[in-house]
Structure formats: structure tokens, C-alpha cells
Amino acid sequence: MSDKKTLLLVDGSSYLYRAFHAMPDLRAVPGDPASPATGAIRGMINMMQALRKEVHADYAACVFDAKGPTFRDAIYPAYKQQRNPMPDDLRAQIPPIHEVVRLMGWKVLDVPGVEADDVIGTLAVTAARQGIEVVVSSGDKDLAQLVDEHITIIDTMNGKRRDVAGVEAEFGVPARLMVDFQTLVGDQVDNVPGVEKVGPKTAAKWLQEYGSLDAVVASADKIKGVAGENLRKALDWLPTGRQLLTIKTDCDLNGWVEGLPSLDAITIGAPDAPRLKDFYEQYGFKGLARALGDATSSAPVAATPAVAMPGQSGDLFADHSASPVAEAAQHRAVVYDTILNWTDFDHWLQRLQKAELVALDTETTSLDEMRAEIVGISFSVQPGEAAYIPLAHAGPDAPAQLPRDEVLARLAPWLEDGKRHKLGQHIKYDRHVFANHGIEVRGYVHDTMLQSYVLEVHKPHNLTSLAERHTGRTGISYEDLCGKGAHQIPFAQVPVDKAAAYSCEDSDQTLDVHNALWPLLQADDKLRFIYELEIASSEALFRIERNGVLIDAPTLAAQSHELGQRIVQLETDAYAIAGQPFNLSSPKQLGEIFFDKLGMPVVKKTATGARSTDEEVLEKLAEDYPLPAKLLEHRSLVKLKGTYTDKLAQLALPRTGRVHTHYAQAVAVTGRLSSNDPNLQNIPIRTAEGRRIREAFVAPAGCVIASADYSQIELRIMAHLSGDHALLHAFHAGLDVHRATAAEVFGVALDQVTSEQRRYAKVINFGLIYGMSSFGLAKNLGIETKAAAAYIDRYFQRYPGVKQYMDETKAAAKSMGYVETVFGRRLYLPEINSPNGPRRAGAERAAINAPMQGTAADLIKMAMVAVQKEVDAHQPGIKMIMQVHDELVFELPEGDVDWLKSHIPRLMAEVAALKVPLLAEVGVGPNWDKAH
DNA sequence: CTGCTAGCATA
DNA sequence: GTATGCTAGCAGA
């Protein structure tokens with residue numbers, strides 16, 4: 001490391017807001033909205049720790065805006081006037097944030113009458129003049145004007161680094177012209193206007209052309225167009241604008257930083273561990289407190305905190321550049337090993353065997369989990385330390401590597417030992433990868449992807465995002481390493497040193513993210529329960545995916561052929577009616593034929609203004625024209641052939657004839673699973689035509705298919721959540737719930753309900769689950785909006801508990817920002833208080849639906865875990881092969897049918913005790929269609 | 001080659 | 001009116 005000193009300045013005010021918005025709604029008493037908010041404090045701690053780890057500094061200060069007016073308010077009263085007041089929840093967290101930052105060893109500055117930017121500017125320039133390197137951390141672009149050879153700006157949240165070259169690359173003007181640039185563009189956030197209609201592009205163009213703002217002003221007459229006119233209009237304003245936007249570098253900091261220009265007064269200090277620990281405990285940050293305790297004593301390696309405290313661990317900033325890949329970890333002090341011989345391997349295996357928790361990650365030949373083969377494996381047992389074992393790198397300069405099979409054989413006892421705890425990001429994938437090599441991993445106790453999914457369901461859950469959000473770290477991206485699209489190279493072609501840096505970083509970051517998230521889950525019993533449910537479900541899903549479903553390829557081929565012939569016939573018919581050939585699958589060409597050539601009326605427009613030809617429109621047009629009916633049939637047949645009969649056969653593994661879907665466990669915001677490649681959750685059932693596809697989902701000789709599904713699960717959940725007496729009664733009495741609803745809404749006896757009335761009631765019941773409006777119900781029933789509104793009124797009169805529940809749910813969503821399932825899964829609704837009416841209304845409907853859909857998802861996950869456990873213990877011949885939201889599908893030997901019929905529905909029904917009984921029904925047959 | 005839209009399959 | 005995933009066509013690289 002160089003002898004040069006470094007000053008680190010943090011724009012505390014920008015950090016505050018980021019911390020506040022980036023973190024979930026944490027409370028001092030978890031789950032109690034009345035207790036003080038602590039999310040911003042926690043976020044601030046995370047960010048400051050990450051920063052301190054990333055930047056080695058000798059001097060440091062964290063600078064906040066103080067209360068009260070500044071010189072800018074005096075020269076421009078509208079300055080920052082349009083800003084929303086700080087949320088109360090954030091304001092209350094500011095004093096503790098100042099306190100904890102001080103305890104962490106930082107100088108905290110909030111100078112009355114001087115904005116944070118000006119304090120930063122003054123200190124930065126003072127230091128730079130003495131040849132001290134200055135790093136300013138801020139999410140705010142305004143500070144870019146400070147950049148010079150000695151001063152750089154970094155944004156720890158996204159890793160962006162603005163140095164002299166970076167500023168020029170980003171804005172198109174050199175750093176010394178940034179003030180001129182900002183003056184022309186203006187600053188929306190601070191309510192400082194620039195030149196109207198002049199954005200970054202125009203501003204950069206002018207400055208490149210004329211060289212400075214003064215020169216642009218001097219040539220204002222010559223600039224053409226609207227922008228030129230606006231520039232001339234703004235000439236009087238620009239000097240004031242420039243004054244407002246110029247960061248001051250000569251503020252009087254007397255009384256705040258003693259002895260300037262010497263920076264000794266802001267020398268970075270060691271954290272005050274004992275008082276920090278008290279602080280963490282007081283605010284409920286158990287993980288941080290524990291980490292601190294461990295850092296001061298000699299604890300097991302795996303329990304070492306994500307962020308060790310400098311000054312206690314001693315060598316955190318020590319120079320590890322001797323490590324072959326240390327430089328790839330950017331600013332963080334890390335030790336990443338590459339294992340190429342048995343001596344190093346044995347050393348690491350010993351560490352794995354001793355560690356309480358190990359993060360691991362595999363690099364493979366494919367994203368397809370059934371086909372992927374291992375190219376390398378990385379491990380991390382302690383933050384900042386990891387090792388990579390390259391096993392199948394075949395690039396031009398690839399070194400000799402340890403033999404893969406032998407390495408796996410020597411690792412297998414550890415991998416398969418359930419008492420040796422492991423951690424990963426998306427562990428289901430790695431389970432498959434190891435299974436492809438005959439290894440059944442046991443002891444996978446944590447998955448950072450699922451931690452994030454349970455804590456913040458609506459945010460991205462890939463490791464890169466998690467590391468950025470929770471550790472402030474960025475790293476090597478997969479695309480940097482392998483390229484993208486057609487140019488992407490296989491991982492095995494990546495040079496070993498680069499692969500090692502990448503893979504080690506992944507394991508290391510996984511451990512870091514775990515250390516940030518696991519304490520949050522541990523502190524909340526309900527979230528912890530949901531997380532443990534997800535971990536258990538992950539294994540059950542792995543089993544389902546691994547089993548796969550046997551596909552009867554000849555049946556599908558015959559169906560494809562038949563569909564193909566009928567499609568060709570329909571096309572011929574359509575061309576004859578239209579008087580010309582055209583592409584029936586092209587909405588654009590369809591519009592031309594329908595509306596221009598044949599003169600059909602436009603029924604409705606699409607979202608982009610095109611003339612719609614969807615099913616509803618075609619149904620309507622079919623009343624008066626012959627072509628739409630042909631098209632409707634063509635559409636449905638093309639969909640069946642293209643999406644199902646052709647595709648399923650392609651996706652089956654040739655050797656086994658089975659398809660292996662992928663269940664996405666961290667995608668749906670309600671807690672449901674989703675299925676892809678192929679999607680087995682949207683196989684047709686409603687039409688006889690489509691339903692035939694299910695005949696191709698078969699069992700091998702001697703086996704049958706069984707399907708067990710929950711009956712009316714979401715309505716039962718609605719009864720439970722609302723506690724409505726009439727609805728509870730209907731389920732307790734075992735009534736046909738749609739018939740019961742019809743009897744209430746139409747005011748007739750149960751046995752007098754017509755099939756038409758029952759059909760209406762069924763639509764109403766579904767509408768309720770979807771947070772319906774009278775408009776939506778009317779459209780669905782083909783009646784007037786008024787009539788639909790009358791039905792809804794009538795329903796709520798008869799089921800007042802349901803009405804009350806829905807109102808309360810919406811209110812809860814608005815105040816908390818999320819709703820919960822019966823079991824405490826949180827479902828966030830970021831737009832519930834949006835100023836945009838339609839978006840807010842959409843969020844309100846989602847708020848109604850989410851607890852019901854989400855509770856159903858919780859229940860079936862609990863059922864899957866229970867069923868898998870029971871089957872493993874008593875009937876290992878039974879394979880669970882699919883999940884379709886409220887249905888579980890099995891393949892089983894014929895001899896196990898009786899056992900399944902008597903045990904599985906019971907297990908499913910007894911998985912939880914709600915205020916209404918749960919009911920699961922089972923069917924058995926030679927294929928999925930006949931199993932219903 | 002990539003990203004978007006229109007349309008449609010399921011619970 | 002809720003929640004998903006997949007296909008074909010098409011426009012702009």
C-alpha cells in the first residue's frame with residue numbers, strides 16, 4: 001500500500017435516505033408497528049461498515065445537513081422548497097444514527113447554516129491541496145463538480161466510481177465544467193431551474209462546442225432553435241443558478257474541525273466496542289451485537305461477523321496482494337485461494353470439516369440443472385476468505401487440475417453429512433448439480449435467495465443485487481466473465497484465475513449476505529417460520545423436479561400431426577374468405593384484412609392503440625362475419641401445437657422420456673411457485689380439445705397417476721380470515737359454496753337455486769378473491785355495471801364479515817405497506833399509497849387477493865413437506881411429480897393406491913387447523929387427465 | 001440478436 | 001378484477 005494518506009468523506013444526508021428506503025420496515029420490537037422504526041439505523045450501519053471495509057482511510061468524516069437556513073435560501077427563497085418533508089419515521093432515527101456513527105469511530109459533522117455538500121467541498125479541497133487522496137461517498141450526482149486528480153466520488157450502493165475520466169465518460173464534459181453543466185441543466189431535486197428544454201445532451205454539446213458557460217452565454221445570439229431561445233430567456237437567471245449550484249470550498253469550519261488545515265481532528269478512530277454492543281442490543285440488532293461479542297473473543301470461525309471491526313481484528317486492511325487473485329476483489333481485503341494440488345485441498349477440507357457453516361457455490365457447463373456438469377467449486381468459511389477448486393477448465397492456458405471424480409469422491413463424505421451445515425445462493429440448483437455427479441448433499445440449512453424472498457418479496461433476489469443491497473459490495477459480473485448472447489463462452493473456457501476470483505467472490509458474498517439477513521429472520525418468529533418452510537419446500541421441490549414426469553411421445557406426436565392438418569385446412573379456408581393469403585398469426589396483417597379489406601367494425605383498441613383482435617373481439621365479430629370463427633379455432637389449435645404438443649416432446653430427456661420442469665421459488669410476489677421449461681402449471685383443462693394433452697402425462701408400466709387437490713381453498717381462507725358467520729357456516733355444513741352464495745344473493749332456498757344463479761354466484765365468489773370492481777364483474781357476466789354493483793351490495797349485506805375484512809385489509813396495507821398471510825408471510829405493496837389513481841387501485845386489489853393466494857401457497861408448501869416426509873418414511877415407491885397451486889400430482893405403483901387414497905388427502909387437510917375444515921380430494925388414473 | 005407487444009394457457 | 005410463463009411477430013439494433 002502507498003504511503004499516501006486518504007481522507008474519506010461520507011455524504012450522510014444522501015446515505016440517510018438510501019438507508020431508509022433500502023431497508024424493510026424494521027422495528028425495535030419486531031412486528032410491532034407502534035415501536036420505534038429502526039430500518040434506517042440498521043441500513044446506515046450496514047453501509048458505513050461496507051464502506052469502511054472498501055476504503056482504507058486515515059481521516060474520515062460523516063457529514064449531515066443541519067437544521068436551519070443557509071446562504072442559498074437567502075439568495076433564492078424557492079431553494080429546495082418543493083421537497084417533501086422528511087418522514088417522521090426517518091426523522092426520529094437521526095439522533096441514534098449520529099450516535100452510532102460516532103461509536104463506529106467516525107467524526108460526525110452537522111454544521112448549522114452550512115450545507116453538507118459545502119462542508120464536504122471545503123474539507124475535500126483542503127485535503128487535496130496537501131496531496132491527500134480524497135474519496136467522497138455519496139449517491140448524489142451534484143458532488144461530481146468536486147472531482148479532480150486527487151478527489152474521486154464513489155457510490156457504494158452501485159459501485160460507480162467517478163474520477164476525472166469517469167465524470168467525462170458519464171456526462172460528456174470534463175469535471176472542471178461540471179458546474180457549468182449543472183447550471184445549464186438545472187437541478188430538479190433542489191428546485192433550481194436551468195435552461196428550459198436543455199438536458200444533459202444539449203448542455204454537453206454546447207460546452208464541448210464553446211468551451212465554457214461564459215462562452216456559451218457570449219454566443220447566445222448564435223444558437224438556433226427553441227433551446228437557443230430558451231437560453232436567451234434564461235440569461236438573467238444563469239448567474240444566480242450557478243451560484244446556487246456551486247459547492248463552496250471555503251466555508252468557515254471553525255469550532256467543528258479544530259486546527260485546519262491539519263486534518264488530525266478527524267483522524268479515523270477505532271469503534272467503541274462495548275458501547276456499540278449496548279447500542280445494538282438497545283435497538284434490537286441481535287446479530288450485530290452477537291457479531292461484536294464474537295469479534296472480541298475467540299469464537300468459532302463460522303460465527304465471525306460479516307464485517308469485522310478494524311482495530312480489533314487487526315489485519316483487516318493488511319495487504320493481501322500476494323494472493324493470486326486478491327486484486328480482483330477490488331478494495332476489499334480478501335484472501336482467495338486456487339486449489340491445484342492435494343496439499344492445498346487437504347488443508348481446505350480440514351477447514352470445511354471444522355467449520356460450523358460453509359458457503360459453497362458450483363460453476364457448471366449449463367444453466368439447465370438436469371444437464372449441468374461441475375467445472376469448479378468454491379467455498380467460504382469466513383468473510384473475506386474463500387477457495388476455488390477448478391476441475392474442468394479446458395481453456396488454452398488452463399493449468400493441470402485435480403481430477404474431478406477423485407475430488408468429488410473425497411468431498412462426498414462432507415457433502416453428504418447432514419451434521420455439517422452448508423449455505424448457498426439458490427441451493428436447489430446446486431443440489432441438482434451435485435446429484436448429476438451422484439452426490440446427495442445433506443445439511444443445506446440456509447439459502448440467501450430464500451432469505452431475501454421471505455424478507456423482501458418484491459425485490460430482486462439474485463446474488464449481485466443482494467450483495468449490493470445488503471453488503472454494499474459489487475463484484476465481477478457473469479457477463480464480464482463470459483460475455484453475453486451468442487458471444488458467451490462456456491464457463492470451462494474462462495481462465496482459471498478469473499474464474500477463481502469470480503467464484504470465490506460468490507461464496508464470500510453469499511456468506512456476507514447471510515450474515516446480514518439471517519439475524520433479521522431469527523429476530524421474527526413468523527418470518528422465521530416462513531423461511532424454514534421455504535428451506536424445507538426447496539428440498540421437496542428438488543425431489544419433484546428430479547423425479548420428472550413421464551411423457552407419452554407417440555401420443556403427443558399423433559396429436560401434433562392431427563392439429564397440423566386441421567391448422568392447414570383452417571388456413572386454406574381463411575385465405576378463401578379473405579380473398580388472399582396472409583399470416584393468421586400476425587395481429588398486424590389481421591387488422592389489415594379485417595378492418596381495411598373486409599370493413600369489419602373496430603370493437604376495441606389494444607394498450608398501444610392498435611385495433612384489437614383478441615378472443616373477445618373475435619367472438620363478437622363472429623356474429624356477423626365468417627372469418628373470425630376460423631381464426632378463433634386456428635388460434636387455439638396453433639397454441640396447443642406450438643406450446644404443448646410440439647414442445648413437451650422436445651423438452652423430454654431422450655434417455656428417460658421424462659420432462660423436468662423448474663419451479664421458481666422466489667419469483668411470485670404472493671408466495672406461489674411458478675413453473676417453467678416447460679410450464680406445467682398451465683397445461684390445458686378447460687376445453688375437451690386441450691384436455692387431451694393431459695392424456696400424454698402418463699406413468700410407467702405397473703404405475704398410475706394420482707392427483708390430489710384442495711377444494712375451494714381460497715374461499716375457505718377467505719372464510720377463515722374474515723370470520724364471516726354465514727360463510728363459515730356454509731363450509732362447516734359442507735354445502736356447495738357457490739349454491740349457498742346464490743341462495744343468499746338471490747334470496748331463494750338452497751334447493752331452488754337455478755344453474756344460472758349458481759353460475760353468477762361462482763363468478764361473484766371468484767371476483768371477491770380478485771378484489772373485484774362492479775365494472776369487472778359486469779364485464780365478466782355480460783351485464784350492466786349497475787346490476788353488477790347491486791349484486792356486490794347484496795353480497796356484502798349477506799356477508800358483512802367479508803366486507804369488513806376487505807376494508808380492514810386495505811387499511812392495513814396502506815398503513816404498513818404490506819399485508820400478511822395467515823402464517824405471517826409478508827406481501828409488500830409498494831404502490832399502495834401511489835399518487836397515481838389506477839396504480840393505487842391496482843395495489844388495493846392486490847392487497848385483497850394476496851393474503852388469500854399467499855395463504856393457499858403457504859398451505860400447499862406445508863402439505864408438500866409433510867407429504868414428502870410421510871412418503872419417504874412409509875411408501876418410498878410414491879413419487880411426487882407436480883404441483884399446480886392447489887394440486888399435487890403423484891406417480892405410484894398400483895399397489896400403493898389404497899395407501900395414497902387414505903393418507904395423502906388427510907395429510908393435506910390436516911396440515912393446518914383453520915376456522916373452517918380443509919378438504920382435499922384425490923383421483924387416480926392411467927394418465928393425468930383420467931386422474932381427475 | 002434483443003426487447004417489446006399481443007394474445008392466451010393455468011390456478 | 002389476482003398471480004404467473006410461453007409463443008409468434010415485429011421493430012430496431
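A note on names: the letters A, B, ... follow the listed sequences, proteins ahead of strands, and every chain is numbered from 1.
- Taking the side chain of A/Thr606 as heavy atoms from C-beta on, and the options B/dA6, C/dG9, C/dT2, the nearest nucleotide is B/dA6.
- Heavy-atom contacts from other residues, nucleotides or ligands closer than 6.0 Å to NZ of A/Lys620 number 12 or fewer.
- Straight-line distance from the NZ atom of A/Lys641 to the P atom of B/dG7: 22 Å, rounded to whole Å.
- A/Ser674 has a side-chain polar atom (N or O) that falls below the 4.0 Å cut-off from OP1 or OP2 of C/dG5.
- C/dA3 atom C1' lies 9 Å from atom CD of A/Glu714, rounded to whole Å.
- When the C1' atom of C/dG1 is taken as reference, atom CE of A/Met852 falls 11 Å away, rounded to whole Å.
- Among the atoms of the strands shown, none is found under 4.0 Å from any heavy atom of A/Ala856.
- Distances shown here put every side-chain N or O of A/Lys484 at or beyond 4.0 Å from the OP1 or OP2 atom of B/dC1.
- Residue-level contact check: A/Phe766 touches neither bases nor backbone, having no heavy atom under 4.0 Å from any strand.
- At a threshold of 4.0 angstrom between heavy atoms, the contacts of A/Asp677 are confined to the sugar-phosphate backbone, with no base atom among them.
- Atom pair A/Ile783:CD1 and C/dG1:C1' shows a separation of 14 Å (rounding to whole Å applied).
- One atom, NE2 of A/His458, and another, P of C/dT4, lie 13 Å apart when rounded to the nearest Å.
- Between the CG atom of A/Asn765 and the P atom of C/dG1 there is a distance of 18 Å, rounded to whole Å.
- Taken from CG in A/Asp368 to CG in A/Asp677, the straight-line distance is 8.0 Å, to the nearest 0.5 Å.
- A straight line from CD of A/Gln650 to P of C/dC6 spans 14 Å, rounded to a whole angstrom.
- A cation-pi geometry, defined here as NZ or CZ lying under 6.0 Å from the six-membered ring centre and within 45° of its normal, holds between A/Lys803 and A/Phe796.
- Within the 4.0 angstrom heavy-atom criterion, only backbone atoms of the sugar-phosphate kind lie near A/Val667; the bases stay farther away.
- Between the CG atom of A/Asn583 and the P atom of C/dT7 there is a distance of 17 Å, rounded to whole Å.
- When the nucleotides C/dC10, C/dG1, C/dG5 are ranked by their closest atom to the side chain of A/Met772, C/dG1 comes out on top.
- Side-chain contact annotation: A/Asp573 with A/Gln569, donor-acceptor N/O pair under 3.5 Å present.
- A salt bridge (charged side-chain N to carboxylate O under 4.0 Å, His left out) with A/Glu831 is found for one member of A/Arg840, A/Lys814, A/Arg839 and no other, namely A/Arg839.
- Contacts of A/Gly485 with the nucleic acid, taken as non-hydrogen atoms under 4.0 Å apart, involve only primed sugar atoms and P, OP1 or OP2.
- A salt bridge links A/Glu562 with A/Arg692: the distance from a Lys NZ or Arg NE/NH1/NH2 to an Asp or Glu carboxylate oxygen falls below 4.0 Å.
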Check the interface with nucleotides 8-10 of chain B: list each N/O to N/O pair with the protein under 3.5 Å, or write none.
from   : atom 1 : to       : atom 2 : distance (Å)
B/dC8  : OP1    : A/Arg635 : NH1    : 2.9
B/dC8  : OP2    : A/Glu615 : N      : 3.0
B/dC8  : O2     : A/Lys639 : NZ     : 2.9
B/dA9  : N3     : A/Asn682 : ND2    : 3.0
B/dT10 : OP1    : A/Ile685 : N      : 2.7
B/dT10 : OP1    : A/Arg686 : N      : 2.9

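- Nearest nucleotide to the A/Thr643 side chain, out of C/dT7, C/dA3, C/dA11: C/dT7.
- The structure places CG of A/Asp596 at 6.5 Å from CD of A/Glu592, a figure rounded to the nearest 0.5 Å.
- Residue pairs meeting the side chain to side chain donor-acceptor pair (under 3.5 Å) criterion with at least one partner in residues 774-797 of chain A, sequence neighbours excluded, do not occur; the list is empty.
- Distances shown here put every side-chain N or O of A/Thr670 at or beyond 4.0 Å from the OP1 or OP2 atom of C/dT2.
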